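As the structure is a prediction and not an experimental result, all values here were calculated from the model.
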Amino acid sequence: MRRLLVLYGATLTSAVLVALLLPLGVLAQSLAHDRALEAARQEAQGLAVVANTAGAGQLRDAVDAINTGPRQTTVFLPDGRVIGPNPERTPSIDLAAQGRAFTASTAGGVEVLLPVGGSRGVTVIRTFVPDVLLHEGVRAAWLTLAGTGAMLLLAAVVVGGWIASRLSRSVRDLARVADRVGAGDLTATVRPAGPPEVAAVGRVLNGLGVRITQMLADERELGADLSHRLRTPVTALRLDVETLQDPLERDRLTEHVDHMVAAIDAAVTAARHPDHVRRPGSCDASLVVRERAQFWGVLAEETHRPLTVDVPAQPLPVPVAAADLGAALDALIDNVFSHTPAPTGFALRVSTAPDGGVLVVVEDDGPGLAAPGLLERGRSGVGSTGIGLDVARRTARQGGGDVRLEKSALGGARIVMAFPPIL
């Protein structure tokens, strides 16, 4: 950012200097040109007085006296005589002899022509001004302007670098704290500094961390309270199950209640310990899918839903714990039961991906997914919280994979949890 700001300042300063110094350089060149021509005109006018009042000898002495420098003056008399260097008579001399004073460009410079009328005719005074006089002092002026521009540009870069350093330091502090907040460190704060706008962002960022901390605390309390509220009906359910006379039915329902209690305990633990880091694990996807298919198969049979299980015999490991993969499958299968009519069938499949990873698929022959953004929490459709797809997405990403929503060959929705290979 600092480099960009310095570059921007240098570019802007360069544009201003060019717009300012370039016209000054052109003006200096024009002034040198006009100064040289004006000196030649004054010299010719002074000689014109001598040409009207003095004889040929005095005129020659006057011409010799002024022709001591690079500027050369020649006098063309009416009788054809020429006094001074460069006696060649050019068309410009004939034009000036008609009584017209002017300047004309010629090889190596400019000539100033001045006609002087008298009783014997028109005398023409020509003063040749070489290029060296026309450009005298121009190079020094350009060098001075260039040096001034370089000094101003250097000063702009130094001052701009200092300002950019202060500004970028404030922005870097904001970025560093924002990264810490994004990584979960909600205690990170920044000392508001820099321009008022940047300082305002720092104050907002500090308040944001406090606000998020409070919201998370409220959510944890709500989750823990809700989990505790579930314990009472679950305990009552366990007591009712224990009163069943059929031992097989009692054992089956007791197992279900135990699973429910374990899920509630996990929810309470997660709510009370938000900084808990889930330990990495792995499991056999084939085994987990077979177990969940057996669990849901009873309900599928009771609701007349055809269930297809396509699981290979060999183990297919995935980089997530068995409990997490099972919870994700339960959420997806529960969505099938909750959002499709009773005759709708579904399938559970496990296969190997082309890259060596593992694909865990839940698909159905229902109406499919009509709403976009279903993987986002709270957007699974009418009457749904969206938590099923959200759980699947978090589980897949925990293992380095992701979730895809596709059109099933059965005609309904096809949800694919893609896991990378375990190296």
Side chains of R305 and V336 in contact at under 4.5 Å (non-hydrogen atoms): yes

Carboxylate-amine/guanidinium proximity below 4.0 Å for E38 and R35: no

For F346, the ring pair (Phe, Tyr, Trp, His ring centres under 6.0 Å) test, sequence neighbours excluded, returns F337

Using modelled atom types only, decide if a donor and an acceptor are shared between the side chain of H135 and the backbone of D131 within a distance under 3.5 Å. yes

Any side-chain heavy-atom pair from L152 and L21 closer than 4.5 angstrom? no

If you draw a 6.0 Å radius around CD in Q294, do more than 12 non-hydrogen atoms from other residues or ligands fall strictly inside? no

Intermediate values then yes/no, side chain to side chain contact (heavy atoms under 4.5 Å, CB included), F76 and R81: CA-CA 6 Å; F76 295 85; R81 291 179 297 167; over 6 Å; no

Is it true that the side chains of D330 and W296 contain a donor and an acceptor less than 3.5 Å apart? yes

Polar side-chain atom of D365 near backbone of G345 as donor-acceptor pair, under 3.5 Å: yes

Side-chain contact test, heavy atoms from C-beta onward, threshold under 4.5 Å: evaluate it for T74 versus P87 and give yes or no. no

CZ on R397 to OG1 on T395, rounded to 0.5 Å: 11.5 Å

Minimal heavy-atom distance between V129 and A40, with the atoms involved, is CG2-CB, 3.4 Å

For A28 and V138, work out which heavy atoms get closest and say how close. O-CG2, 4.3 Å

Output yes when a side-chain donor or acceptor of R71 lies under 3.5 Å from a complementary backbone atom of A39, and no otherwise. no

Criterion side chain to side chain contact (heavy atoms under 4.5 Å, CB included) on C283 and V318, from CA distance to verdict: CA-CA 6 Å; C283 66; V318 292; 3.6 Å; yes

Quick one, R349 and V311 - any side-chain contact, counting heavy atoms below 4.5 Å? no

CG/L145 to CG/L22 distance, rounded to the nearest 0.5 angstrom? 9.5 Å

Atom of S286, atom of V350 and distance for their closest heavy-atom approach: OG-CG1, 4.2 Å

If every non-hydrogen atom of L329 is compared with every non-hydrogen atom of R292, which pair is closest and at what distance? CD1-CG, 4.0 Å

Check for a donor-acceptor pair, side chain of S30 on one end and backbone N or O of V26 on the other, with a separation under 3.5 Å. no

Would you confirm whether R211, through its side chain, and N206, through its main-chain N or O, come within 3.5 Å as a donor-acceptor pair? no

Out of curiosity, H33 NE2 to L31 CG, how far, rounded to the nearest 0.5 Å? 11.5 Å

Here the pair of heavy atoms bringing E363 nearest to S408 is OE1-OG, 2.7 Å

Step-by-step side chain to side chain contact (heavy atoms under 4.5 Å, CB included) determination, L307 to V309: CA-CA 7 Å; L307 171 60; V309 181; 4.0 Å; yes

Mark yes or no for whether D284, through its side chain, and L316, through its backbone, hold a donor-acceptor pair below 3.5 Å. yes

Taking side chain as C-beta onward, heavy atoms only, is V75 less than 4.5 Å from V124? no

Is there a side-chain contact between L332 and L389 in this structure, where contact means two heavy atoms from C-beta onward sitting under 4.5 Å apart? yes

Working note: T127 + Q72, criterion side chain to side chain contact (heavy atoms under 4.5 Å, CB included); need CA distance, chi angles, decisive distance, verdict. CA-CA 6 Å; T127 301; Q72 298 294 313; over 6 Å; no

Do any side-chain atoms of residues 92-118 form donor-acceptor pairs under 3.5 angstrom with protein atoms, and if so which ones, sequence neighbours left out?
| residue | atom | partner | partner atom | Å |
| --- | --- | --- | --- | --- |
| S92 | OG | E111 | OE2 | 3.4 |
| D94 | OD1 | R89 | NE | 2.9 |

Main-chain N/O of A156 paired with T13 side-chain donor or acceptor, under 3.5 Å: no

Does a side-chain heavy-atom distance below 4.5 Å link V361 with I415? no

Kindly compute the distance separating OG1 (T11) from CG (L153), expressed to the nearest 0.5 Å. 9.0 Å

Side-chain contact, heavy-atom cut-off 4.5 Å: T352 with V358? no

Where do P78 and T123 come nearest, in terms of heavy atoms and distance? CD-OG1, 3.2 Å

Value rounded to 0.5 Å, distance of CG in D402 from CZ in F419: 10.0 Å

Between T344 and T340, is there a donor-acceptor pair closer than 3.5 Å when you use the side chain of the first and the backbone of the second? no

Quick one: OG1 on T308 to CG on D364, what's the gap to the nearest 0.5 Å? 11.5 Å

